[in-house]
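Before any comments, here is the structure.
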Amino acid sequence: MPIRVRYFASLRERIGRAEDSLDAQPDLTVAEVWATLQPDRPLDSNTLAALNQEYVEYDRRVSDGDEVAFFPPVTGG
Amino acid sequence: MPIRVRYFASLRERIGRAEDSLDAQPDLTVAEVWATLQPDRPLDSNTLAALNQEYVEYDRRVSDGDEVAFFPPVTGG
Amino acid sequence: MHIEVCEHAFSPWERLATFESEHGPRQGSFGATATFVGTMRDFNEGDDVVSLTLEHYPGMTERQLERIVSGVDDRDGLLEVLVLHRVGQVVPGDPIVLVAVWSAHRAAAFAACRQIMEALKSSAPFWKKEELKDGQRWVAQNTPG
Amino acid sequence: MHIEVCEHAFSPWERLATFESEHGPRQGSFGATATFVGTMRDFNEGDDVVSLTLEHYPGMTERQLERIVSGVDDRDGLLEVLVLHRVGQVVPGDPIVLVAVWSAHRAAAFAACRQIMEALKSSAPFWKKEELKDGQRWVAQNTPG
């Protein structure tokens with residue numbers, strides 16, 4: 001099963017779509033998922049990353065079937 | 001007009017009445033109001049005093065027509 | 001500012017809904033409402049409590065509550081304050097006190113609600129007498145918040 | 001613990017009345033209820049705001065809110081927690097968030113309500129887009145409480 005990659009809010013609008021799909025590779029990290037899918041956009045250090053709906057650092061490893069999400073600082077409440 | 005002296009809560013029950021009346025004398029203090037009316041009960045330092053419905057120290061002077069109140073620590077809320 | 005000593009049971013959520021719609025700040029002006037409701041428990045200091053009688057000092061109570069609300073540190077940050085306090089006989093589950101604060105921002109609302117409650121507990125002239133299964137006792141002192 | 005993402009406008013005081021009577025802790029067990037309601041203002045950063053669209057991350061939102069409530073420092077002191085958060089299009093005066101905490105004593109209720117709100121603001125995956133008179137903008141970052 002491929003990795004499901006999701007974008008939210010201003011990031012979703014800038015990228016122009018809500019999600020991507022990516023085949024897993026050995027030892028792939030969250031940062032590498034971004035770099036593979038967004039080669040022309042450096043990963044802004046403000047961008048938050050979640051793996052399977054939990055916050056993670058960019059160096060976390062990603063596996064087949066995982067859900068990775070990237071989004072800007074949250075502004076609820 | 002005499003001084004109206006009021007007692008509340010456990011103090012009211014211990015004294016056995018809700019109020020007393022006292023004629024003013026020159027330079028009378030709150031502590032002296034108590035001592036005059038309750039000669040057999042030393043003024044417990046926990047007892048709060050109010051003059052005309054504002055908290056005061058025991059050494060505050062009391063005048064004709066004033067309302068003095070004595071009560072235990074408050075327990076509302 | 002609206003301050004009220006209630007002789008009868010009140011429902012805090014109904015009172016809040018009514019007060020906000022009738023006397024609340026203009027819609028869109030406030031972003032934060034912090035409330036506190038104090039309710040009678042059926043236990044205190046290890047004992048079962050059957051009921052409570054709340055005595056107060058009419059006149060001084062209202063003056064002290066007004067003084068407490070007026071003395072809030074960040075008074076400028078507040079748009080409206082509601083304080084209700086019950087007197088008379090109260091049974092477990094009955095609301096005793098309601099403090100509600102409306103403000104543009106949350107920090108002022110939280111801080112003022114807390115500050116008003118602490119000041120009310122330490123200086124508003126109310127006294128509780130507890131009825132236990134085997135007698136009555138005056139509550140000696142409020143615990144610090 | 002009850003957590004809900006609301007697609008439609010809600011009335012916080014009505015929801016509190018209903019929740020407390022249907023799912024609240026046993027009457028007499030709680031002595032303190034602290035609540036916070038966040039409401040849409042018609043101004044932000046010096047500009048008039050016409051409406052707001054709240055986006056969220058379905059699934060992660062609920063997980064994060066549960067994690068926030070479970071992580072409250074004095075979890076033992078809490079009897080019940082209710083968290084409602086609005087998504088979709090919101091107009092000035094509409095409630096956005098409700099946090100309510102029931103506890104035996106007031107210190108735990110105040111502290112938990114505040115802690116949940118701050119954690120929600122900093123980590124629950126919601127995003128606000130403001131519609132101004134002359135365009136739209138994403139809110140960049142929440143201010144600290």
Side-chain angles (χ1 to χ4, degrees), chain B residues 1-22 24 28-34 37-38 40-77, chain C residues 3 5-6 36-41 44-45 49 52-68 71 83-88 90 95-99 113-130 136-145:
Chain B
M1 236 171 62
I3 297 161
R4 182 183 186 192
V5 184
R6 307 180 67 175
Y7 312 109
F8 289 93
S10 56
L11 207 56
R12 174 179 51 71
E13 288 191 349
R14 273 212 301 282
I15 290 170
R17 57 188 179 276
E19 56 181 281
D20 276 321
S21 186
L22 184 69
L28 189 72
T29 66
V30 165
E32 288 161 354
V33 167
W34 176 274
L37 292 166
Q38 309 295 335
D40 300 332
R41 293 176 211 269
L43 183 51
D44 182 330
S45 64
N46 273 334
T47 297
L48 299 170
L51 177 61
N52 299 326
Q53 308 189 349
E54 301 282 353
Y55 286 102
V56 291
E57 302 294 324
Y58 298 155
D59 60 0
R60 184 67 71 86
R61 307 262 171 216
V62 180
S63 308
D64 265 0
D66 279 351
E67 178 171 303
V68 178
F70 296 99
F71 45 79
V74 302
T75 56
Chain C
I3 284 166
V5 175
C6 307
F36 179 84
V37 180
T39 305
M40 192 196 154
R41 297 188 313 259
N44 192 28
E45 297 187 1
V49 184
L52 204 62
T53 303
L54 271 153
E55 180 174 335
H56 79 126
Y57 183 171
M60 181 166 175
T61 306
E62 292 82 353
R63 285 173 81 136
Q64 287 300 315
L65 291 174
E66 281 171 27
R67 167 171 291 219
I68 286 165
V83 179
L84 306 181
H85 199 294
R86 181 74 191 282
V87 293
V90 176
I96 292 172
V97 61
L98 165 65
V99 172
C113 186
R114 181 81 200 243
Q115 194 185 337
I116 291 167
M117 267 308 299
E118 298 314 312
L120 184 157
K121 285 240 163 202
S122 70
S123 72
F126 294 101
W127 302 274
K128 290 191 182 102
K129 189 179 196 174
E130 293 176 337
Q136 297 184 321
R137 69 180 175 200
W138 289 94
V139 177
Q141 197 132 18
N142 273 332
T143 48

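Since the structure is predicted, the reported quantities are computational estimates derived from the model, not experimental observations.
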Show the nearest heavy-atom pair for residues [X] and [Y], with the distance to one decimal.
X	Y	answer
C:Pro125	B:Tyr55	N-OH, 4.4 Å
C:Ala140	B:Pro73	O-CB, 3.8 Å
C:Lys121	B:Val74	O-CG2, 3.5 Å

**Item:** Heavy-atom check, side chain of C:Glu55 versus side chain of B:Phe71, under 4.5 Å
**Value:**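 Answer no - side chains too far apart.
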Which portion of [X] sits near chain B, non-hydrogen atoms under 4.5 angstrom:
X	answer
C:Ser122	backbone
C:Gln64	side chain
C:Arg137	neither

**Asked** Roughly how far apart are B:Thr75 OG1 and C:Glu130 CD, rounded to 0.5 Å?
**Response**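 These two atoms lie 8.5 Å from each other.
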So, does [X] use its side chain to make a donor-acceptor pair with the main chain of [Y] at under 3.5 Å?
X	Y	value
C:Trp127	B:Pro72	yes
C:Lys128	B:Gly77	yes
C:Tyr57	B:Ala69	no

**Request:** May I have the step-by-step check of side chain to side chain contact (heavy atoms under 4.5 Å, CB included) for C:Met60 and B:Glu54, ending in yes or no?
**Result:** CA-CA 7 Å; C:Met60 181 166 175; B:Glu54 301 282 353; 6.0 Å; no
**Prompt:** Measuring heavy-atom distances to chain C, does B:Asn46 have an atom under 4.5 Å in its side chain, in its backbone, in both, or in neither?
**Reply:**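 Nothing of B:Asn46, per the 4.5 Å heavy-atom cut-off to chain C.
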